[in-house]
Amino acid sequence: MEPERLNNIVEAALLAAQQPLTLPMLAALFHEEDGVGHEDLARAIESLTQACEGRGVELVEVASGFRYQVREAVHAWVARLWAERQTKYSRALLETLALIAYRQPITRGEIEQVRGVAVATSIVRTLEEREWVRVVGYRDVPGKPALFGTTRQFLDYFNLKSLDQLPTLAEIREIPDPDPQLALTAAANLPVAGRAEASAADSADGDSISPNPPDPAGADAPIDGPRTTEDAA
Amino acid sequence: MEPERLNNIVEAALLAAQQPLTLPMLAALFHEEDGVGHEDLARAIESLTQACEGRGVELVEVASGFRYQVREAVHAWVARLWAERQTKYSRALLETLALIAYRQPITRGEIEQVRGVAVATSIVRTLEEREWVRVVGYRDVPGKPALFGTTRQFLDYFNLKSLDQLPTLAEIREIPDPDPQLALTAAANLPVAGRAEASAADSADGDSISPNPPDPAGADAPIDGPRTTEDAA
Amino acid sequence: MSTEPLPGAGTAADASAAAETPRQQEMPLAVVLGQPILQIPQDLYIPPDALEVILEAFEGPLDLLLYLIRRQNLNILDIPVAEITRQYMNYIDVMREMRLELAAEYLVMAAILAEIKSRLLLPRPPQEEGIEEDPRAELVRRLQEYERYKKAAEDIDGLPRMERDLDNASAFVPDHKVVKLPPPVELREMLLALRDVMHRAELYGHHAVEREPLSVRQRMGDVLRKLGDGAFHRFETLFDATEGRLGVVVTFLSLLELAKDRLIEIMQEAPLAAIYLKARATAETAD
């Protein structure tokens, strides 16, 4: 199949589908005689992506595939098509979502421990109804609490390809020498440790509170030394 | 507003809206300060229409306004996005097919005799449309009923070189009941069934437990159900 | 162009432009007497009416503590427990007055603060000094942990997201007809169906279930189709030499079966003369 025709079909299919399409899904549109392989499709995507430059829409890849979407730059105008649209979420919901995203799999109890307050059932239900989170298993402790994780729809909604693209989680600031006297003076001078953590797999116990000196350029330096605090009891 | 920005907004709005937009509807997206008149919008539409040349979609005006739509020329491919798997075949159809395979050439009356119930015309038609069975002749009795036999396509679909590769009736009698556990082992002795058909409609949850030959690495083993740890309540 | 939201403009810019553009509006912390309150008051003293609603803006005791610490620009590691506890208790008192259903978490936090304060005040036996950790450490750890995810939630909220910042682009599909794909069939399903129907018909009982060459059955169909024109066909034309001996045998057996089944006629005018075959019924004779 000539590249131009292939491009046209892929463009039309992506615009016709109501959800993102993966390469295998696109490949399924063709018959064997069309002789269209994944590389051909990848090239078509590439070419269509470039063709969007300077236009009001863009072709992006999110977790569940490729989609055309309205560019952020013009969305303010386009959004007037929908006068009433709820696009705001409560802090409680966003914090719960953040904990599930960064610490999954996580139980409701563990979320409550970090947030210091109970998680309303309605929040969990909303997140599940939006299909942003789902139960991925159960923890083997009394009560067998459900473990929550995020879904592809969550990533799609927030325009992400994978969890790795989430904003990096802020590093915990160092805990100074536990001497209260010292702490009062020393702690004030400690810079904020801003190490970027790339992975959402980063779990609570994996948070190393590292005694490294501040390194302005060291955003990516692996600071995975042994934990030095004993407050995790 | 510069024409390029205006074009982008109009393009994005038309692609974001779920129905055609009229010029007044488009005009309502802009503020007075944007200084966008109907002539500007008409020019934008004109320019966007031209930009569609040689692409998979076109900008057209219909009774209720302007919309982007998939071009006729690529529709045949795009339509496969909505290829629907019909629901499973009925028991009656499978029995009819099996009797035709094993006792061909056979008339509908003879099938009914064995099954003890009438064979719906729709069943025969479905099997004929799928090109698995066909009329091979007629029996010389009053009414000259058609005799049915299976086709090459039938063999191809079930991956058989000839009908002799089907299990004998004696073997069939020994097939254990379709207990999910037993099915996996018993099916291993049967010829491979079900040609794989790539389809966008084939979603993960649609995975049926298929009697594919057991894969030693277990990669294809149908253990995709909801994970239930043994301690899950 | 002046009122257009700049591409990529930050949220602060949006807030000011919110009135004229369809941009997201900043959610007020609270609405007191019809007036939105966008900022948490800088003073500790808050009119009790306002406090009631402002407290709803806090996501719990950790959030409230963080606010108290941050409001005074204090390093979180450096909590002056006594002062923070005093302020916290002030809030709790007002909350108690205003909201009977004050969340227990707030009271638990008050107890924790009181405990930390008392432990800091108590002299410790010299041998334990330096071993026992700062009584504030656990609280600090929790505050830090909470603050991380509070920030993470803000970051997620800041991501461009569907509906608010982005939208699906889609084109109309004329002639939205659905291509129907037939359902997949497993051979096993068909065999199970056959097993059941055989059981039902008790065919196993009075039928020879020994190996029946199914290829003969198929060949019967093939032969019938060849004879489907109703004309006489010479016996030899039904055989395909390229199939070899087995193929010839299969064809021959199928002819015998067809004859036995009264589906074909076999004719020979004279001994050793050519043999002709003909279907006993054809589409033309069928009505």
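Chain identifiers are assigned alphabetically (A, B, ...) following the order of the sequence lines, protein sequences preceding nucleic acid strands; residue numbering begins at 1 within each chain. Every heavy atom of this structure was used, including side-chain atoms; hydrogens, water molecules and symmetry mates were not.
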Gap between atom NE2 of A/His75 and atom CZ of C/Arg164 - 0.5 Å precision: 10.0 Å
Choice from A/Leu99, A/Leu14, A/Thr96, A/Leu93 maximising heavy atom contacts with chain C below 4.5 Å: A/Leu99
Heavy-atom contact with chain C under 4.5 Å, split by part of A/Val78: neither
Closest approach of C/Glu105 to A/Gly116 (non-hydrogen atoms, all atoms of both residues): CG-O, 3.2 Å
Ion pair C/Asp63/A/Arg91, N-O distance below 4.0 Å: yes
Salt-bridge present (C/Arg161, A/Asp156; N to O < 4.0 Å): no
Presence of salt bridge, A/Arg130 and C/Glu163, under 4.0 angstrom: yes
A/Ala98 to C/Tyr149 - nearest heavy-atom pair and separation: CB-O, 4.0 Å
Reported CG-to-CG distance for the pair C/Asp155 and A/Leu166, which is rounded to 0.5 angstrom: 9.5 Å
Stepwise side chain to side chain contact (heavy atoms under 4.5 Å, CB included) test for C/Met162 and A/Arg67: CA-CA 12 Å; C/Met162 293 302 266; A/Arg67 74 174 173 215; 3.4 Å; yes
Salt bridge A/Arg115-C/Glu145, side-chain N to carboxylate O under 4.0 Å: no
A/Gln18 portion near chain C, given a 4.5 angstrom heavy-atom threshold: both
For C/Ala152 against A/Leu169, the heavy-atom pair lying closest together: CB-CD1, 3.7 Å
Beyond-backbone contact of C/Arg148 with A/Tyr102, side-chain heavy atoms, under 4.5 angstrom: no
Residue pair C/Leu159 / A/Leu160: nearest heavy atoms and the distance that separates them: CD1-CD1, 4.0 Å
Residue among A/Ala118, A/Ala92, A/Ala12 with most heavy-atom pairs under 4.5 Å to chain C: A/Ala92
Point-to-point distance, once rounded to the nearest 0.5 Å, from OG1 of A/Thr87 to CG of C/Asp165: 8.0 Å
Closest-packed option against chain A by number of heavy-atom pairs under 4.5 Å, given C/Asp167, C/Ile156, C/Asp157: C/Asp167
Minimum-distance pair of heavy atoms, taken over all atoms of A/Val117 and C/Gly60: CG1-CA, 3.2 Å
Atom CD of A/Glu4 with >12 non-hydrogen neighbours under 6.0 angstrom: no
Atom of C/Ala169, atom of A/Leu15 and distance for their closest heavy-atom approach: O-CD2, 3.6 Å
